[in-house]
Chemist: 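Handing you a structure now.
In the text below, chain A, chain B and the rest are named by the order of the sequence lines, each starting its count at 1.
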Amino acid sequence: MSNVRVRFAPSPTGFFHIGSARTALFNWLYARHTGGTFILRIEDTDQARNSEEFLNVIYDSLTWLGMTWDEGPKVGGAFGPYRQSERGDIYKEYLAKLTAAGRTYEKDGAIWFKLLGERSEVFDDHRKKIVTKVATAPTVIDDQIRGHVERVEDEDFVIFRSDGNPVFHFVNVVDDIAMQITHVIRGEDHLSNTSKHVELFKAFGAPVPAFAHIPLILKQNGPGKMSKRDQGALIEEYQKRGYLPEALVNFLSLLGWSPKDDREKMLIADIVALFDFPGINQSNARFDDKKLAHMNMAYLLELPADDFVVRALEYFEKQASPVTAVALAAEPTYLREVLLLSQPKIKSLEELPAYTAYFFTEDFVVDAKVRDKVMGKGEPKLRLAELTELLTTADFSSDTAIEEAIKALAAAKGLGFGDYQSVARLAVSGTNVGPSLTGLFRVLGRERVLARFSRLAAA
RNA sequence: GUCCCCAUCGUCUAGCCCGGUCAGGACGUCUCCCUUUCACGGAGAUAACCGGGGUUCGAAUCCCCGUGGGGACGCCA
């Protein structure tokens with residue numbers, strides 16, 4: 001195990017979104033790549049905005065995405081507690097150090113961090129008030145991704161609110177010191193905060209960790225970074241929609257990072273092996289749900305049969321809709337056959353309930369447009385009659401057996417397979433799309449097929 | 001407004017650090033092929049170095065200025 005220690009430090013004040021997941025992922029990847037330690041720390045100092053429910057969303061999402069933490073809530077560790085709401089004594093202790101060093105003062109009931117330098121009053125016309133500026137030298141940030149960045153930190157700032165609670169900048173730095181964090185990997189939106197943090201590290205006489213400010217994820221439509229309210233922003237949404245976590249992780253890893261060759265679909269082990277700071281971009285990335293959907297499909301198609309069935313079943317159970325309930329009530333081996341027949345055809349598990357509905361009920365929807373089109377062309381009823389006669393005795397044991405039989409029939413009549421397909425498909429499924437016709441027959445079974453044939457013939 | 005970061009196809013990106021390739025891949029879109037519908041797959045097409053200066057024999061690549069995009073300016077995190 002290396003001495004690299006990174007942390008993901010979310011605050012449970014909202015749902016867990018794509019940007020947070022990506023930050024967590026880059027931290028996790030770096031920890032796994034270096035053989036370091038991945039720490040989960042909950043920044044819940046703003047009691048008004050926190051909730052237990054949001055906390056569970058964080059745990060569930062991280063677990064679902066496969067990002068296990070080595071230290072943190074639930075698993076413990078030598079540097080706990082890992083929830084800031086439980087670290088009050090530590091913060092008081094660190095505050096005493098700063099005060100002893102003469103770096104704090106009280107104003108308006110709050111405790112401020114005092115910068116070193118000459119003071120002067122200036123009117124800030126953006127904020128419309130007089131502020132005290134401190135003549136300081138620029139703070140230097142050596143960023144692993146941005147390089148050398150300088151920013152002037154020239155105003156004292158609050159570290160303890162008048163209600164007695166410490167603020168983000170303070171607890172963030174104190175915990176990074178106390179938890180011996182070596183690399184701070186976070187969104188670029190924190191780059192401007194970093195000068196505050198560096199000044200605090202220096203005031204504590206603590207070593208400054210390496211910083212890596214990663215590019216932001218921008219919303220796909222409209223300006224600005226992606227936020228909780230944006231379409232497709234929430235991790236739990238993908239979980240609900242049956243996306244494969246490994247596909248989402250793979251997609252996310254490519255947002256702002258590249259293995260530098262043309263690989264895109266990669267095993268997580270390969271991503272871990274290749275991931276490092278030089279591969280991280282400096283520019284923001286726009287979220288693209290089409291590419292994510294494509295990635296998801298690629299993973300879905302490659303899933304071994306047993307895995308696919310398990311995931312599909314999980315999805316059906318989670319949906320708990322009338323359609324999925326009926327499917328789940330079906331005979332297990334039949335259900336399995338239906339799912340496997342559909343696997344190569346669908347792009348997402350979301351499509352599955354609608355795609356397979358007619359397997360589980362005789363009362364399936366018939367697409368009127370398709371019906372009119374199919375029944376209005378050629379002699380569909382005659383074809384259906386011929387097929388009925390054939391299938392009454394045909395061998396249903398395999399797709400190829402059925403296929404051979406239909407092809408022989410078609411050949412005898414001087415027709416093609418296609419002449420039988422559209423009407424047969426309409427009869428058994430009410431639509432013009434679906435799995436292979438022969439697979440459909442085999443799984444549905446002779447009785448159902450013939451019953452559905454006669455229903456259409458009588459209509 | 002001030003400060004900070006960034007800038008290659010519509011999107012994600014490779015190339016940039018260490019100047020010299022028809023600027024490569026993927027998603028999307030379109031065409032064709034495969035085919036038993038719909039997909040998958042295969043072949044192809046489409047499409048980019050933000051602008052202007054400079055350095056240089058030569059700039060996507062180095063420098064400067066513009067412009068554009070993003071972020072931060074809370075007793076939120």
Chemist: Would you kindly compare A:D189 and A:K260 by the position of their nearest RNA chain B nucleotide and give the one closer to the 5′ end?
Modeler: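 Counting from the 5' end, the first nearest nucleotide belongs to A:K260.
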Chemist: Would you mind classifying the nucleic acid contact of A:D108 as base, sugar-phosphate or nothing, using non-hydrogen atoms under 4.0 angstrom?
Modeler: base
Chemist: Heavy atoms only, 4.0 Å cut-off, all strands: where does A:R286 land among base, sugar-phosphate and nothing?
Modeler: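 Answer is sugar-phosphate: A:R286 comes under 4.0 Å of backbone atoms only.
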Chemist: Can you see whether A:S397 engages A:D395 through a side-chain donor-acceptor pair at a distance of less than 3.5 angstrom?
Modeler: yes
Chemist: Which part of the nucleic acid, if any, lies within reach of A:A285 when heavy atoms closer than 4.0 Å are counted: base, sugar-phosphate only, or nothing?
Modeler: sugar-phosphate
Chemist: Aromatic ring centroids of A:F287 and A:F251 under 6.0 Å?
Modeler: yes
Chemist: Which part of the nucleic acid, if any, lies within contact of A:G256, taking any heavy atom under 4.0 Å across all strands shown: a base, the sugar-phosphate backbone alone, or nothing?
Modeler: sugar-phosphate
Chemist: Is the ring centre of A:F8 less than 6.0 Å from the ring centre of A:W28?
Modeler: no
Chemist: With rounding to the closest Å, how many angstrom separate the P atoms on B:G74 and B:U55?
Modeler: 44 Å
Chemist: Checking base pairs now: Watson-Crick or wobble, both atom distances under 3.5 Å. What partners B:U2?
Modeler: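 Because both required distances fall under 3.5 Å, B:U2 counts as paired with B:A72.
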Chemist: Going by purine N1 to pyrimidine N3 plus the second Watson-Crick contact, or the G-U wobble pair, all under 3.5 Å, which nucleotide sits opposite B:G20?
Modeler: B:C57
Chemist: Under 6.0 Å from the ring centre and within 45 degrees of the ring axis: does the NZ or CZ of A:R442 meet both conditions for the six-membered ring of A:F396?
Modeler: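 Ring-cation test returns no.
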Chemist: Please state how far atom CG in A:L254 lies from atom P in B:C12, giving the value in whole angstrom units.
Modeler: 12 Å
Chemist: Nearest whole angstrom, please: distance from the C1' of B:U11 to the CE of A:M226.
Modeler: 13 Å
Chemist: Check whether the side chains of A:N250 and A:Y299 place a donor and an acceptor atom closer than 3.5 Å, and report yes or no.
Modeler: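 Short answer, yes.
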Chemist: NA contact type, A:L437, heavy-atom cut-off 4.0 Å: base, sugar-phosphate, or nothing?
Modeler: base
Chemist: Within the structure shown, what part of the strands sits under 4.0 Å from A:R263 by heavy-atom distance: base, sugar-phosphate, or nothing?
Modeler: nothing
Chemist: Can you spot which of A:H197, A:R41, A:R5 makes a side chain to side chain donor-acceptor pair (under 3.5 Å) with A:D176?
Modeler: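 When A:H197, A:R41, A:R5 are each tested with A:D176, the side chain to side chain donor-acceptor pair (under 3.5 Å) holds only for A:R41.
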Chemist: Tell me what A:N281 touches on the nucleic acid: a base, only sugar-phosphate, or nothing, going by heavy atoms under 4.0 Å.
Modeler: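 It contacts sugar-phosphate atoms only.
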Chemist: Taking the ring of A:F113 and the ring of A:F170, is the distance between their centroids below 6.0 Å?
Modeler: no
Chemist: Name the pairing partner of B:A7, where a pair is Watson-Crick or G-U wobble with both distances under 3.5 Å, or state none.
Modeler: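 Answer to the pairing question: B:U67, which forms a Watson-Crick or G-U pair with B:A7.
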Chemist: Which is more 5' along RNA chain B, the nucleotide nearest A:P10 or the one nearest A:E155? Just name the residue.
Modeler: A:E155
Chemist: For the C1' atoms, the ones on B:C16 and on B:G24, what distance do you get once it is rounded to whole angstrom?
Modeler: 15 Å
Chemist: Under 4.0 Å, counting only non-hydrogen atoms across every strand here, what does A:G224 touch: a base, just sugar-phosphate, or nothing?
Modeler: sugar-phosphate
Chemist: When you measure from the centre of the six-membered ring of A:F26, is the NZ or CZ of A:R22 closer than 6.0 Å and no more than 45° off the axis?
Modeler: yes
Chemist: Find the distance A:W112:CH2 to B:C75:C1' and express it as a whole number of Å.
Modeler: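 From A:W112 CH2 to B:C75 C1': 8 Å.
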Chemist: Base, sugar-phosphate, or nothing: which does A:H169 touch, judged by heavy atoms less than 4.0 Å apart?
Modeler: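 Base, at least one base heavy atom under 4.0 Å.
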Chemist: Any donor-acceptor pair under 3.5 Å linking the side-chain atoms of A:H17 with those of A:S227?
Modeler: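 Note: A:S227 and A:H17 side chains miss the donor-acceptor criterion.
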Chemist: Identify whether any heavy atom of A:T431 sits under 4.0 Å from a base atom; if not, whether one sits that close to sugar-phosphate; answer base, sugar-phosphate or nothing.
Modeler: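 Result for A:T431 = nothing.
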Chemist: Please write out the pairs of protein N or O atoms and N or O atoms of nucleotides 5-9 of chain B separated by less than 3.5 Å, giving the distance to one decimal.
Modeler:
residue : atom : partner : partner atom : Å
B:C5    : O2'  : A:R146  : NH1          : 2.6
B:C5    : O2'  : A:E188  : OE2          : 2.7

Chemist: Just by distance, with hydrogens left out, do A:R186 and A:T194 show a side-chain donor and acceptor under 3.5 Å apart?
Modeler: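 Side-chain D/A pair, A:R186 to A:T194: present.
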Chemist: Would you jot down, in residue-number order, the residues of residues 397-414 of chain A having a non-hydrogen atom under 4.0 Å from RNA chain B?
Modeler: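 Those residues whose heavy atoms fall under 4.0 Å from RNA chain B, taken from residues 397-414 of chain A in numerical order, are A:E403.
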Chemist: Are A:N221 and B:U11 close enough that a side-chain N or O sits under 4.0 Å from OP1 or OP2?
Modeler: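 No.
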Chemist: What is the separation between atom CG on A:L341 and atom P on B:C40, rounded to the nearest whole Å?
Modeler: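 Between P of B:C40 and CG of A:L341: 17 Å.
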Chemist: May I ask you to verify if any side-chain N or O of A:R161 is less than 4.0 angstrom from the OP1 or OP2 atom of B:A77?
Modeler: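 Yes, such a contact exists.
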Chemist: Have a look at A:S162 and say if it touches a base, only the backbone sugar-phosphate, or nothing, with a 4.0 Å heavy-atom cut-off.
Modeler: base
Chemist: B:G44 pairs with which nucleotide, Watson-Crick or G-U wobble, both distances below 3.5 Å?
Modeler: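 Its partner is B:C30.
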Chemist: Taking atom types as modelled and ignoring hydrogens, do the side chains of A:T139 and A:E199 form a donor-acceptor contact shorter than 3.5 angstrom?
Modeler: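 Their side chains do contain a donor-acceptor pair, which is all the 3.5 Å distance test asks for.
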Chemist: Tell me what A:K265 touches on the nucleic acid: a base, only sugar-phosphate, or nothing, going by heavy atoms under 4.0 Å.
Modeler: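 No contact at all - A:K265 keeps every heavy atom at 4.0 Å or more from the nucleic acid.
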Chemist: Return yes if the base of B:A39 and the side-chain atoms of A:K347 contain a donor-acceptor N/O pair under 3.5 Å, otherwise no.
Modeler: no
